[in-house]
Protein chains: 2
Amino acid sequence: MKNITIKTISENTQVSLTTVSRVMNGVAEKYRISAKTAERVLKEAEKLGYIPNQSAINLRLKKSFSIGLIVPSLANPFFSTVVSIVNKTLHEKGYSLLVADSNENEQTEIDAVKHLVSRNIEGIIIIPSGRKTDHINQLIKRNLPVVFVDRYFKELPVSYVSTDHFDGAFKMVEYLISRGHKHIACIQGGRHVMSNQERVNGYKAAISKNGFGYEYVGGNSFTMEDGYLETKLLLQQREKPTAIFALSDTILLGVLKALKEDGYQVPDDISVASFDNSIYLDYLACPVTSISQPISEISQIAIRLLLDKVDYQGKDGSLSDKQEILISPSIIHRKSVKDIL
Amino acid sequence: MKNITIKTISENTQVSLTTVSRVMNGVAEKYRISAKTAERVLKEAEKLGYIPNQSAINLRLKKSFSIGLIVPSLANPFFSTVVSIVNKTLHEKGYSLLVADSNENEQTEIDAVKHLVSRNIEGIIIIPSGRKTDHINQLIKRNLPVVFVDRYFKELPVSYVSTDHFDGAFKMVEYLISRGHKHIACIQGGRHVMSNQERVNGYKAAISKNGFGYEYVGGNSFTMEDGYLETKLLLQQREKPTAIFALSDTILLGVLKALKEDGYQVPDDISVASFDNSIYLDYLACPVTSISQPISEISQIAIRLLLDKVDYQGKDGSLSDKQEILISPSIIHRKSVKDIL
DNA sequence: GTGAAAGCGCTAACAA
DNA sequence: TTGTTAGCGCTTTCAC
C-alpha cells in the first residue's frame with residue numbers, strides 16, 4: 001500500500017501540489033482558491049484518510065511545535081503529576097510533548113537531551129538528575145530555550161521554577177521544634193540531588209538556629225526501599241529521635257513500614273512528617289503532616305517561561321532574561337506530630 | 001547561527017556527504033573508509049556538537065524507531081506506571097516512546113492517534129477510552145501494528161493484553177461472600193469503559209451465582225471525587241451494605257474519605273475492598289484488601305506482541321495473528337474485610 | 001486563482 | 001575507498 005501524501009491527492013484531483021498544500025493548511029482563502037477546487041481537495045483528503053507527514057513538515061519548516069520534558073522517574077507520582085500537567089497545558093497551547101525518563105542518571109539525561117534535540121524540539125523543560133552541566137551548556141549554545149523545574153543550577157543562565165525546598169524543610173523542622181521535639185532525624189533522597197540538598201540544608205539550618213545537639217541525616221534515594229532500610233538503621237541508634245522527617249512521600253512509606261514492623265505507633269511513640277503531600281496521606285493509619293509542593297503552579301509557570309523564550313527567540317535570536325522563581329510551600333497539618341512540650 | 005548538518009562536516013573536512021553519513025552511522029568499515037578519513041569526520045562532528053536530524057532520517061527512511069502509547073490519564077498512578085514500564089522497556093530495545101493522554105475522552109483519543117501517525121510511529125499501544133473503533137480501523141487499514149492494553153475490543157482483529165477484569169472482580173466478590181457478606185455494594189469507574197464493565201459483570205455474576213437479592217452499582221468515573229460522592233449517596237440508602245467494593249484505588253480513596261466523615265470504621269462497621277493494589281494500601285488506616293493487577297507483565301507482553309508485529313510486518317506486509325491474552329489477577333489479603341459469618 | 005520548482009537533511013543505488 | 005545524485009513529503013518564492 002502506497003503512502004497517502006499530498007501528491008496522491010494532487011494526482012487524484014488534478015490539482016497542483018501547491019494548491020493542495022494550501023487547502024490543507026486552511027489558507028485557501030488567502031490565495032483565493034476557488035471554493036470548488038478547495039472542496040474537491042478536501043473531499044479527496046477525507047476519502048483517502050490523509051494525515052500530513054510531520055517529519056516532512058519539520059524538515060521543511062525547522063519547527064516541530066513540540067517541547068521536551070526530562071524527568072528523573074516516571075514511576076514517582078510527583079514527577080508523573082508534573083508530566084500530566086505539562087502535557088495538558090502544552091496541548092492546550094498547540095504544542096506536543098516529548099517525555100523522557102532519565103532514571104535519576106546523569107548519562108541517561110545527557111542521552112535524552114541529544115535524543116530530544118535530534119527531534120527538533122523548540123524548547124525543553126528539565127528536572128536535572130546530576131551535577132553535570134555540559135549538556136545544558138550545549139543547549140544554550142544552540143539557542144534552545146531551557147527551563148529547569150524543581151531542581152536547578154543557580155550558576156547557569158537558565159530560568160528555573162521550583163518549590164523553595166530549603167524553606168519547606170526549614171519550616172517543617174521549626175514546626176516540629178515548636179511542638180517540643182529536640183531529637184529530629186531526617187531521611188533524605190539522592191544525596192547529589194539539588195532539591196534534596198536544599199531540604200537537608202533547611203533541616204540543618206533550623207536545627208542549628210535552635211542550638212540543638214542532635215542531628216541525623218540518613219538515606220540516599222527517593223525510594224520506599226531506602227526509607228525502609230534507613231529507618232531500620234536509625235532505630236538501631238543509641239540515641240533515638242522523637243520525630244522523623246521523610247524528605248519525600250516515597251521515603252515516607254518506607255519509614256512507616258519500618259516503624260510498623262518494629263512496633264512503633266505514630267504519633268504516640270514517634271512523630272513523623274514528610275515532603276510532597278501526596279493525596280493518600282489523609283488516609284494513612286495516622287494521617288501524615290506534610291509539606292505541600294505547589295506542583296501545578298510550578299508546572300504552569302515553567303511552561304509560561306519556556307514559551308515566552310520560544311516566542312521571543314524568534315524575534316532577535318537571543319534569550320529573554322533569566323528568571324529565578326522559588327515558591328514557598330506550606331505545611332499541611334495532620335495528625336502525625338505529637339505535642340511533647 | 002547556522003544549523004550543523006552533515007553538510008557542514010562535509011565542507012569542513014573536504015569529505016563527501018556520503019562518506020560523512022557512513023562514518024556517522026558506524027558503517028565506515030563496511031565501506032572500507034580509511035581510518036584517517038573516519039577519524040577526521042568524527043573529530044569534526046564532535047567539535048561541532050553534531051546531532052543528526054531525526055526528521056530528515058524519518059522522512060528518508062520512513063522509519064522513526066518510535067512507538068506511540070495512548071493512556072486515558074497520566075494523572076492516574078495505574079496508567080503512569082504503565083507509561084514508566086513501557087518507556088523503560090522500549091528504550092532498552094532502541095525504540096523511543098511518544099506518549100499521549102486521551103483524558104478518558106474518545107475525541108481526544110482520535111486526535112492523538114492522528115497526531116502519532118503523523119509522526120511516523122512504527123506501532124501503537126492503546127488503552128482505549130471509548131467505544132468508537134473507526135480510528136482503530138484506520139490504523140489497521142494503514143497496516144500500522146496496534147496492541148490494546150488493559151482495555152480492548154474483542155471484535156476487532158487487534159491483539160490485546162489485559163488483566164482479566166471479570167475474573168478479578170468475580171474472585172473478590174466470591175471471597176467477600178465466603179466471609180459472610182450478603183450485601184455487597186460496588187462503586188464503579190467510567191460506565192462506558194470496557195475494563196469497568198467487565199469488573200461490574202464479574203461483580204454481578206458472583207452475586208447472582210450465589211443467588212443474593214442485594215445488588216448495588218454506583219459511580220461513573222475513576223476518580224476520588226466520584227468515589228466520595230457515590231459513597232455518600234450509598235450511605236443514604238435504606239438498605240446498607242456490609243461491604244463496599246471500589247473498582248479502582250482512586251475510587252477507594254474517595255470511599256474511605258466518605259466513610260471516615262460519616263463515622264464508619266473499617267472493617268468493624270463496614271468492609272472494603274478495591275481493584276489495583278496500589279503501593280500505599282498497606283499503610284492506610286486499615287490496610288485494604290485488593291486485586292493486584294499484573295501491570296508489569298502486561299506492559300512487557302504488550303511490547304513483545306507489538307514489536308513482533310513491527311518486525312513481522314516488514315517481511316510480508318500483513319500482520320501476525322491476533323493474540324488475546326488475559327491474565328488472572330490475584331487477591332492481596334489485608335485487613336479491610338471483616339468476617340461476619 | 002493556480003502552478004513549477006527549489007530545497008529542508010539525510011540515505012542509498014549506482015558510479016568510478 | 002570515495003563521490004554523485006535522486007528523492008523522501010512538504011512549503012514557499014516566484015511566475016503566469
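Chain letters run A, B, ... following the sequence lines, proteins first and then strands; every chain starts at 1. Since the structure is predicted, the reported quantities are computational estimates derived from the model, not experimental observations.
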Strictly below 4.0 Å: does A:Tyr50 bring a side-chain N or O up to OP1 or OP2 of D:dC10?
yes
Rounded to whole Å, please give me the gap between CD in B:Glu29 and C1' in D:dT2.
16 Å
Find the distance A:Glu11:CD to D:dC10:C1' and express it as a whole number of Å.
15 Å
Can a side chain N or O of A:Ser34 be found less than 4.0 Å away from OP1 or OP2 on C:dT2?
yes
By nearest heavy atom, map B:Leu59 and B:Lys30 onto DNA chain D; which one lands nearer the 5' end?
B:Lys30
Side chain to side chain contact (heavy atoms under 4.5 Å, CB included) partner of B:Asp101, the single match among B:Val99, B:Asn103, B:Asn105
B:Asn103
A:Phe148 and A:Tyr160: ring-ring contact (aromatic ring centres under 6.0 Å, His included), yes or no, with the steps?
CA-CA 4 Å; A:Phe148 289 131; A:Tyr160 57 82; 7.6 Å; no
Between D:dC10 (P) and A:Ile51 (CD1): distance, integer Å:
11 Å
Decide if atom CD of A:Glu46 counts as having more than 12 heavy atoms of other residues, nucleotides or ligands within a radius under 6.0 Å.
no
Whole-Å distance separating the CG atom of A:Leu48 from the P atom of D:dG9:
14 Å
Below 4.0 angstrom from OP1 or OP2 of D:dG9, is there any side-chain N or O of A:Ser55?
no
Restricting to non-hydrogen atoms, name the atom on B:Asp321 and the atom on B:Lys309 that form the minimum distance, rounded to 0.1 Å.
O-NZ, 3.7 Å
Within this structure, what is the CG-to-P distance between A:Leu17 and D:dA15, rounded to whole angstrom?
20 Å
With a 4.0 Å limit, can you tell me whether B:Asn3 has a side-chain N or O closer than that to the phosphate oxygens OP1/OP2 of C:dG9?
yes
By nearest-heavy-atom nucleotide on DNA chain D, the more 5' of B:Thr19 and B:Ala56 is B:Thr19
Separation of atom CG in B:Asn53 from atom C1' in C:dG9, rounded to whole Å
6 Å
Whole-Å gap separating C1' (C:dG9) and NZ (A:Lys62):
9 Å
How long is the straight-line distance from OG of B:Ser64 back to CZ of B:Arg119, given to the nearest 0.5 Å?
10.5 Å
Base, sugar-phosphate, or nothing: which does A:Asn58 touch, judged by heavy atoms less than 4.0 Å apart?
nothing
Below 4.0 Å: OP1/OP2 of C:dA4 and any side-chain N or O of A:Ser16
no
Can you check whether any acceptor in the base of C:dA12 is under 3.5 Å from a donor in the side chain of B:Thr18, or vice versa?
yes
Report yes or no: is there a donor-acceptor pair, N or O only, under 3.5 Å between the side chain of A:Arg22 and the base of C:dG3?
yes
What's the CD1-C1' distance between B:Ile6 and D:dT2, to the nearest Å?
14 Å
